[in-house]
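In what follows, a structure is listed as structure tokens, so that the remarks can point back to it.
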Amino acid sequence: MKFFEYQGKKIFKKEGIPILEGHVANSPEDVVEIVTEMGKPVVLKAQVLVGGRGKAGGIKFPEKPGDAFQKANELLNMEIKGEHVKQLLVEEKANILNEFFISVSIDRSQKSPVIIASKEGGVDIEDLARISPEKIIKSHINPLNEFLPYQAREIARKMGVETSLIQPLGNIIFKLYTLFDKYDAQIAEINPLILTDDGLIAADSKLEIEDDSIFRHKELVQLINYKPKEFAFVKLDGDIAVIGNGAGLTLTGMDMINLYGGKPATFLDIGGGASEKTIKKALDMVLNYPPVKVVFLNVLGGITRADDVAKGVISALNTTKRDVHIVIRLTGTNEAEGQEILKRANIPFEVSMEEAAKKAVEICSKIN
Ligand code: GDP
Ligand code: MN
């Protein structure tokens, strides 16, 4: 689960990491109202989940409220790396004296969290790692031991900041690690952590939490109004939608389509134990993807029950307005019931995956 900048900052604030005053806006009108109310210079920041927003023009500094309307309008019509900008963070403009970088992430090769810090923040850390790797301080943390404030200060000292900053910077590093640990984060990053006349402030936030730990963080899910994705759905450039239950089976389905000379239009894994409703949703999703000409639904029932799948298929086909060509491979748990339901509805199906894939490719080549 990825957090927008403003959401990450809410959590930063809750955990004692200072942020700037900011408000979320959905329209240029909102922005003008907020700017007027704040009565001080502001920054407009596009809220997207992809990185490199600043460089892509997603941050603007309006001179006066009138200018804010125009700039907000530009930002709200922008797309950053394929992501539509829907919200802006209107934030008090800071007078930046210095920019630092601090992050906590997981180093899989070391099987441990790693704190990465630099006194040269604001830039792309990847660029800095290439140009001046010596300016990046990396410290692996043993997650089984308690992380102590002195260790955080030690990192601040290694960063090479002036002595008076070691204590406050160490304090923020400590809080960031604590937050990372508390919320089962995959990454918690502040770039830049800025130095102003009011001290150190997180001017940006990047926060991602491990999806498998969400059950432990209900309050966060509420805070950010997060809706977990029901399935893994990837759009591809072919014309045969491949749907399967389980990632491995779905990939195999794609391989089969390729083997017989077809091209997958989607990878859609409905997961295990998919209900009638889920199947219907999955079919609706691929049917709403214009390049799809044929649907190849590949189900080997384990936890998933073939009769639920059959019911889902019928309900999706009954409600779609599109003329759908669908090839179903249905076998496994409750297959007799499932196949019976399809037969009664006059929907053909296969039991062999190879046969079904072959058929899907054949039908598709006739449509072309
Ligand atoms: P990112 O490009 O998505 O990482 O966006 P950031 O929030 O990190 O902002 C990028 C850069 O914009 C920062 O490194 C700053 O140099 C600048 N910036 C952001 N907020 C302010 C601000 O309040 N005042 C000033 N002067 N610069 C800012
Ligand atoms: Mn940033």
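Values below: all heavy atoms of this structure, side chains included; hydrogens, waters and symmetry mates excluded. First listed ligand is number 1; within each ligand, the first listed atom is number 1.
- The closest approach between any non-hydrogen atom of Lys206 and ligand 1 is not below 4.0 Å.
- Closest to atom 15 (C) of ligand 1, if we only count protein heavy atoms, is Glu99 OE2, 3.0 Å.
- Among all protein heavy atoms, the one lying closest to atom 6 (P) of ligand 1 is Asp204 OD2, 3.4 Å.
- The N, O or S atom of Asp204 with the smallest distance to the Mn ion (ligand 2) is OD2.
- Remark: minimum distance from atom 7 (O) of ligand 1 to any protein heavy atom is reached at Lys45 NZ, 2.8 Å.
- Nearest heavy-atom pair across Gly271 and Asn245 is O-CB, 3.4 Å.
- A heavy-atom distance below 4.5 Å is not found between the side chains of Val313 and Leu330.
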Verdict with supporting geometry, Leu207 and Leu179, side chain to side chain contact (heavy atoms under 4.5 Å, CB included): CA-CA 10 Å; Leu207 181 64; Leu179 180 156; 3.9 Å; yes
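- For Glu91, no heavy-atom contact with ligand 1 is shorter than 4.0 Å.
- Selection from Ala94, Gly51, Gly52, Gly22 by nearest heavy atom to atom 26 (N) of ligand 1 gives Ala94.
- Selection from Ile59, Ile96, Ile80 by nearest heavy atom to atom 27 (N) of ligand 1 gives Ile96.
- Annotation: atom 5 (O) of ligand 1 to nearest protein heavy atom, Arg53 NH2, 3.0 Å.
- Heavy-atom minimum distance, Ala360 versus Ile240: O-CD1, 4.0 Å.
- Relative orientation of the Phe174 and Phe147 rings is parallel, given thresholds of 30° and 60° on the angle between their planes.
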